[in-house]
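Letters A, B, ... mirror the listed sequences (proteins, then strands); counts begin at 1. Here the structure is a predicted model, which means the values were calculated and not measured.
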Amino acid sequence: MRYVAPKGTHDILPAGNDRKDWADDIEKWHWLESVFQDLCARYGYEEVRTPTFEATELFKRAVGEGTDIVNKEMYSFVTKGGDDITLRPEGTAPTLRAYVQNRVWIERPVAKLYYVASIFRYERQQKGRYRQHHQVGVEALGAQGPDIDAEVISLAMAFFRALGIPRLTLKLNSVGTVESRVRYVAALREFAEPLLPKMSADNQRRFAENALRMLDSKEERDQELLVDAPLLTDYLDDDSRTHFDKLRGYLDAFGVSYEIDPRLVRGFDYYTRTAFEIQSPDVGSQSALAGGGRYDRLIEDLGGPATPGIGFGLGIERTLIALQTAQVDVPSVSGPAAFLCPLGASARDACVTLLAQLRDSGVSADMDYTGRKLKVMLEQADRIRARNAVILGDSELAEGIAQVRNMTTKEQTPVPLKELAQALLM
RNA sequence: GAGGUUGUAGCUCAGUCGGUUAGAGCGUCGGCUUGUGGCGCCGAAGGUCGCGGGUUCGAGACCCGUCAUCCUCCCCA
């Protein structure tokens, strides 16, 4: 094959019976996105669309210089004009940049925004992890109470529920304020330093780069060594603790179940207080379907007024894989109201005009352009899930009628051409 | 970025010890006499065996490289 989609990217195509990858059917994407859009409307979130690329500096500043995303996963390039540009590796920073630039807070003291966007990360791909993937996400800006945290989290859970995804775990943690986290990291490092020689190479690296990540090492020995490590929870400031407790109270009241995970650490530097992740066992080794948290300093860091915020990003590909694994039925899309089946050249001419008239009248319609036999045209009508086949031959033409065949009931009735649009709209 | 797996028709796969012209099912197309679908029967098309090199009288098979894929890490959605 001469040209193939670049590594870690994939095509999404019209639905087909033998599509190699279930998740690459456009029908499934339309369905998932419409469920998300409806839900956002119900919760009062409005869509934003931002550029696919931004100034590299924006992501360095927002995501953090110490993170893997910034250090090794960004698609960055210098333009002909000399600008340093990066394809967005996450959805929050561009949304907040747009919020600050356009002074959205003036008309919306609490701005509740959502997006659907492609995300780019230069990584070794595997199932559920791609170099270009897609996320839906929301950001609620300008509200600092735990009630909005509960709303954002329950929106994500409601989305998965609406899709019918089973076996989900909501992991919840509070990472406190920036100040309390600094105190905690110092304590953690103090605890871990003497144990360092016994720890894995990965954890020795983490100790230097991002000590928090030592906590979720997959090495059993690392975990044993850290059993008695200080807990982030014990270093929370009073306000953060109250915030967390109230959030838990709201989730309990909503009937949203969750697990407290004091070791949940997420990959961006900007999180404060609430951090959460929604996990599924059905996507291979990629368990996170969605992740998010609160970022009370970020808008200020990006040059805006001191404004609290919380949001999440949710992976579309991973969600589709989880749907496939769980064998969830995706509602099938209905085809056109009519598929015209002309028999003979003069009928074909008549159908071309008829088709245009039907469409002008608001009837979704298509026709056979191949001049094949009726049997084959009916098979085609069936394949595209047309609700009716409209059969037009010389005898019908002479009488000014068409045979309208209901593809489900197989009932066939003659209808005058003038009344056809009317009949098909019902 | 590290280690490993697998690449044969549009899809899922078979292909023996290295041996003639590479197969099946599904799908597609055509037919089973005039203009009636989902089933059935008959038939056809469709393959640079991922790509490049090597070994050999002979390679889909063995070796090397490369690309893609999936898996385990790293990390993340």
Side-chain angles (χ1 to χ4, degrees), chain A residues 1-10 13 16-22 24 63 66-73 88-92 117-137 156 200-203 205-206 209-210 213 216-219 265-268 277-280 283-292 312-322 339 341-344 347 368 370 372-386 388-396 402-412:
Chain A
M1 225 146 349
R2 189 147 177 197
Y3 299 114
V4 294
K7 184 198 282 263
T9 68
H10 52 118
L13 299 166
N17 294 330
D18 56 358
R19 173 95 335 103
K20 195 171 177 178
D21 293 300
W22 187 90
D24 288 340
V63 177
T67 61
D68 273 19
I69 288 183
V70 168
N71 284 336
K72 53 182 204 187
E73 294 175 3
R88 67 175 156 235
E90 58 104 40
T92 298
S118 8
I119 304 288
F120 304 84
R121 289 182 203 164
Y122 190 85
E123 296 183 275
R124 181 79 161 250
Q125 67 154 327
Q126 54 181 282
K127 188 177 188 180
R129 199 182 69 186
Y130 308 101
R131 288 184 173 182
Q132 180 184 187
H133 75 278
H134 300 77
Q135 292 184 13
V136 300
S200 67
D202 273 337
N203 255 16
R205 179 180 53 76
R206 291 183 183 116
E209 289 174 4
N210 188 346
R213 298 220 66 92
D216 55 16
S217 167
K218 290 181 184 173
E219 295 287 332
V265 178
R266 312 215 66 264
F268 307 127
E277 194 166 295
I278 299 168
Q279 302 178 347
S280 160
V283 195
S285 62
Q286 317 305 323
S287 59
L289 255 42
F312 67 77
L314 184 157
I316 296 181
E317 281 85 350
R318 286 185 187 178
T319 300
L320 289 171
I321 292 168
F339 185 76
C341 307
L343 296 159
D368 175 84
T370 64
R372 293 187 286 186
K373 0 193 299 190
L374 181 57
K375 174 184 153 69
V376 177
M377 291 192 281
L378 288 172
E379 282 168 356
Q380 177 65 11
D382 191 41
R383 198 172 342 192
I384 65 172
R385 300 183 207 139
N388 300 283
V390 174
I391 301 163
L392 196 66
D394 289 340
S395 52
E396 284 81 6
Q403 303 290 342
V404 175
R405 181 181 180 80
N406 182 307
M407 293 299 286
T408 314
T409 64
K410 294 177 139 181
E411 275 177 90
Q412 191 164 306

A.B. asks: In whole angstrom, give me the gap between the C1' atoms of rC62(B) and rU56(B).
C.D. replies: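 Per the computed distance, 10 Å lies between those C1' atoms.
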A.B. asks: Just the rounded figure in Å: distance from C1' of rA77(B) to CG of Leu320(A).
C.D. replies: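 Rounding to the nearest Å, CG of Leu320(A) and C1' of rA77(B) are 12 Å apart.
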A.B. asks: What is the separation between atom CD on Gln279(A) and atom P on rC75(B), rounded to the nearest whole Å?
C.D. replies: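 Roughly 15 Å, once rounded to whole Å.
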A.B. asks: For rG30(B) versus rG4(B), give the span between their C1' atoms, rounded off to a whole number of Å.
C.D. replies: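 Result for the C1' pair: 47 Å, nearest Å.
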A.B. asks: Using a heavy-atom cut-off of 4.0 Å across all strands, would you classify Asp202(A) as base, sugar-phosphate, or nothing?
C.D. replies: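 Sugar-phosphate contact only.
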A.B. asks: Just the rounded figure in Å: distance from P of rA68(B) to CZ of Arg131(A).
C.D. replies: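 That distance rounds to 8 Å.
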A.B. asks: Taking atom types as they are modelled, would you say the side chain of Arg405(A) forms a donor-acceptor pair with the base of rG37(B) within the 3.5 Å cutoff?
C.D. replies: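 Such a pair exists between side chain and base.
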A.B. asks: rU28(B), OP1 or OP2 - any side-chain N/O from Arg383(A) closer than 4.0 Å?
C.D. replies: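 Checking Arg383(A) against rU28(B): at least one side-chain N or O falls below 4.0 Å of OP1 or OP2.
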A.B. asks: When all nucleic acid strands are considered with a 4.0 Å heavy-atom cut-off, which category describes Thr67(A): base, sugar-phosphate, or nothing?
C.D. replies: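 Counting heavy atoms under 4.0 Å across all strands, no contact is made by Thr67(A).
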A.B. asks: Would you call the rings of His134(A) and His10(A) parallel, tilted or perpendicular, taking 30° and 60° as the class edges?
C.D. replies: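 Taking His10(A) first and then His134(A), their aromatic rings stand perpendicular (interplane angle over 60°).
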A.B. asks: Between rG7(B) and rU12(B), how many Å separate the two P atoms, rounded to a whole number?
C.D. replies: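 The answer is 13 Å between these two P atoms.
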A.B. asks: Measure the shortest side-chain to side-chain distance between Gln380(A) and Phe339(A) over non-hydrogen atoms and say whether it is less than 4.5 angstrom.
C.D. replies: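 They are in side-chain contact.
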A.B. asks: Starting the side chain at C-beta, find the nucleotide from rG35(B), rC32(B), rA77(B) nearest to Ser395(A).
C.D. replies: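 So the side chain of Ser395(A) is nearest to rG35(B).
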A.B. asks: rU36(B) P sits how many Å from Lys373(A) NZ, rounded?
C.D. replies: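 Interatomic distance, NZ of Lys373(A) to P of rU36(B): 8 Å.
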A.B. asks: Measure CZ/Arg213(A) against C1'/rC76(B) and give the value in whole Å, please.
C.D. replies: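 Result: 8 Å.
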A.B. asks: Distance between the P atoms of rC41(B) and rC26(B), in whole angstroms?
C.D. replies: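 The same atom, P, in both gives a distance of 9 Å.
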A.B. asks: Rounded to the Å, how far apart are Gln126(A) CD and rC73(B) C1'?
C.D. replies: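 In whole Å, rC73(B) C1' lies 9 Å from Gln126(A) CD.
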A.B. asks: With rounding to the closest Å, how many angstrom separate the C1' atoms on rG50(B) and rG3(B)?
C.D. replies: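 23 Å, rounded to whole Å.
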A.B. asks: Does any donor-acceptor pair link the side chain of Glu396(A) with the base of rG35(B) at a separation under 3.5 Å?
C.D. replies: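 Check passes, donor-acceptor contact within cut-off.
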A.B. asks: With nearest nucleotides of RNA chain B determined for Leu314(A) and Gly8(A) from heavy-atom distances, which residue corresponds to the more 5′ nucleotide?
C.D. replies: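 Closer to the 5' end of RNA chain B: Gly8(A).
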A.B. asks: Using a cut-off of 4.0 Å on non-hydrogen atoms, how would the nucleic acid contact of Arg385(A) be classed: base, sugar-phosphate, or nothing?
C.D. replies: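 If one applies the 4.0 Å heavy-atom cut-off, Arg385(A) turns out to touch nothing in the nucleic acid.
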A.B. asks: Watson-Crick or G-U wobble partner for rU55(B), using a 3.5 Å limit on both distances?
C.D. replies: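 No nucleotide pairs with rU55(B).
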A.B. asks: Identify whether any heavy atom of Glu73(A) sits under 4.0 Å from a base atom; if not, whether one sits that close to sugar-phosphate; answer base, sugar-phosphate or nothing.
C.D. replies: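 Here Glu73(A) touches the backbone only, sparing every base.
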A.B. asks: Indicate, with a heavy-atom threshold strictly under 4.0 Å, whether Gly128(A) touches base, sugar-phosphate, or nothing.
C.D. replies: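 Base: the residue Gly128(A), judged by heavy atoms under 4.0 Å, touches a nucleobase.
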A.B. asks: Both distances under 3.5 Å, Watson-Crick or G-U wobble: report the partner of rC73(B), or none.
C.D. replies: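 Base partner found: rG1(B).
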A.B. asks: Rounded to whole Å, please give me the gap between CD in Gln380(A) and P in rG30(B).
C.D. replies: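 Taking CD of Gln380(A) and P of rG30(B), I get 11 Å after rounding.
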A.B. asks: Taking all heavy atoms of Gln125(A) and all of Gly8(A), pick out the closest pair and write down the distance.
C.D. replies: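 Residues Gln125(A) and Gly8(A), closest heavy atoms: NE2-N, 3.2 Å.
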A.B. asks: Please report the C-alpha distance between Gln126(A) and Gln286(A) in whole Å, then the side-chain angles of each, then the deciding distance to 0.1 Å, and finally whether the side-chain hydrogen bond (donor to acceptor under 3.5 Å, both in side chains) criterion is met.
C.D. replies: CA-CA 9 Å; Gln126(A) 54 181 282; Gln286(A) 317 305 323; 3.0 Å; yes
A.B. asks: In Å and rounded to the nearest 0.5 Å, what is the CD1 to CD distance from Ile316(A) to Gln135(A)?
C.D. replies: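 So the gap between those two atoms works out to 8.5 Å.
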A.B. asks: Suppose you measure atom C1' in rC13(B) against the same atom in rA9(B); what distance do you get, rounded to whole Å?
C.D. replies: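 After rounding to an integer number of Å, I get 11 Å for this pair.
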A.B. asks: Is rC49(B) paired to anything, Watson-Crick or G-U wobble with both distances less than 3.5 Å, and if yes, which nucleotide?
C.D. replies: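 WC or wobble partner does not exist here.
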A.B. asks: Within the structure shown, what part of the strands sits under 4.0 Å from Lys7(A) by heavy-atom distance: base, sugar-phosphate, or nothing?
C.D. replies: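 Touches sugar-phosphate only.
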A.B. asks: Classify the nucleic acid contact of Met407(A) as base, sugar-phosphate or nothing, counting any heavy atom under 4.0 Å across all strands shown.
C.D. replies: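 Base contact.
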A.B. asks: Go through the N and O atoms of the side chain of Arg372(A) and the base of rC29(B), and report whether any donor-acceptor pair is under 3.5 Å.
C.D. replies: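 By the distance-only test, no, there is no pair.
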A.B. asks: Judged by each residue's nearest nucleotide on RNA chain B, which is more toward the 5′ side, His134(A) or Val283(A)?
C.D. replies: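 Comparing both residues, the 5'-ward one is Val283(A).
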A.B. asks: On a plain distance test, is the side chain of Gln125(A) in donor-acceptor contact with the base of rU69(B) below 3.5 Å?
C.D. replies: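 For Gln125(A), whose side chain was compared with the base of rU69(B), there is no donor-acceptor pair (under 3.5 Å).
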A.B. asks: Rounding to a whole Å, what distance do you find between Arg318(A):CZ and rC76(B):P?
C.D. replies: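 Checked: the CZ to P distance equals 11 Å.
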A.B. asks: Measure from the side-chain heavy atoms of His133(A) and tell me the nearest of rC76(B), rA77(B), rG37(B).
C.D. replies: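 Closest nucleotide to the His133(A) side chain: rA77(B).
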A.B. asks: Using a heavy-atom cut-off of 4.0 Å across all strands, would you classify Ile391(A) as base, sugar-phosphate, or nothing?
C.D. replies: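 Base contact - Ile391(A) has a heavy atom under 4.0 Å of at least one base atom.
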A.B. asks: Using a heavy-atom cut-off of under 4.0 Å over every strand shown, decide if Ala290(A) touches base, sugar-phosphate, or nothing.
C.D. replies: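 Counting heavy atoms under 4.0 Å across all strands, the contact made by Ala290(A) is with sugar-phosphate only.
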A.B. asks: Can you tell me how far C1' in rC17(B) sits from the matching atom in rA61(B), rounded to whole Å?
C.D. replies: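 Taking atom C1' in both rC17(B) and rA61(B), they lie 11 Å apart.
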A.B. asks: Given Phe120(A) and Arg131(A), is the side-chain contact (heavy atoms from CB on, under 4.5 Å) satisfied, shown in steps?
C.D. replies: CA-CA 5 Å; Phe120(A) 304 84; Arg131(A) 288 184 173 182; over 6 Å; no
A.B. asks: Taking atom P in both rG60(B) and rG53(B), what distance in whole Å separates the two?
C.D. replies: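 One P to the other, the span is 14 Å.
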A.B. asks: Set out, in order, the CA-CA distance, both residues' side-chain angles and the distance that settles side-chain contact (heavy atoms from CB on, under 4.5 Å) for Leu343(A) and Ile391(A), then state yes or no.
C.D. replies: CA-CA 8 Å; Leu343(A) 296 159; Ile391(A) 301 163; 3.8 Å; yes
A.B. asks: Just name whichever nucleotide pairs with rG43(B), Watson-Crick or G-U, keeping both distances under 3.5 Å, else none.
C.D. replies: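 Result: rC29(B).
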A.B. asks: What distance separates Leu289(A) CG from Thr319(A) OG1, expressed to the nearest 0.5 Å?
C.D. replies: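 Taking CG in Leu289(A) and OG1 in Thr319(A), the distance rounds to 4.0 Å.
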A.B. asks: Considering every strand and a 4.0 Å limit on heavy-atom distances, what is the contact class for Phe312(A): base, sugar-phosphate, or nothing?
C.D. replies: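 The residue Phe312(A) makes no contact with any strand.
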A.B. asks: Is it true that Lys375(A) and Glu379(A) make a salt bridge, defined as a side-chain N closer than 4.0 Å to a carboxylate O?
C.D. replies: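 Answer for the salt bridge query: yes.
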A.B. asks: Using the side-chain heavy atoms of Lys375(A), tell me which of these nucleotides is nearest: rA77(B), rG35(B), rU36(B).
C.D. replies: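 My answer, after comparing the listed nucleotides, is rU36(B).
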A.B. asks: For rU16(B), what is the paired nucleotide under Watson-Crick or G-U wobble rules, both distances under 3.5 Å?
C.D. replies: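 Across all strands, not a single nucleotide pairs with rU16(B).
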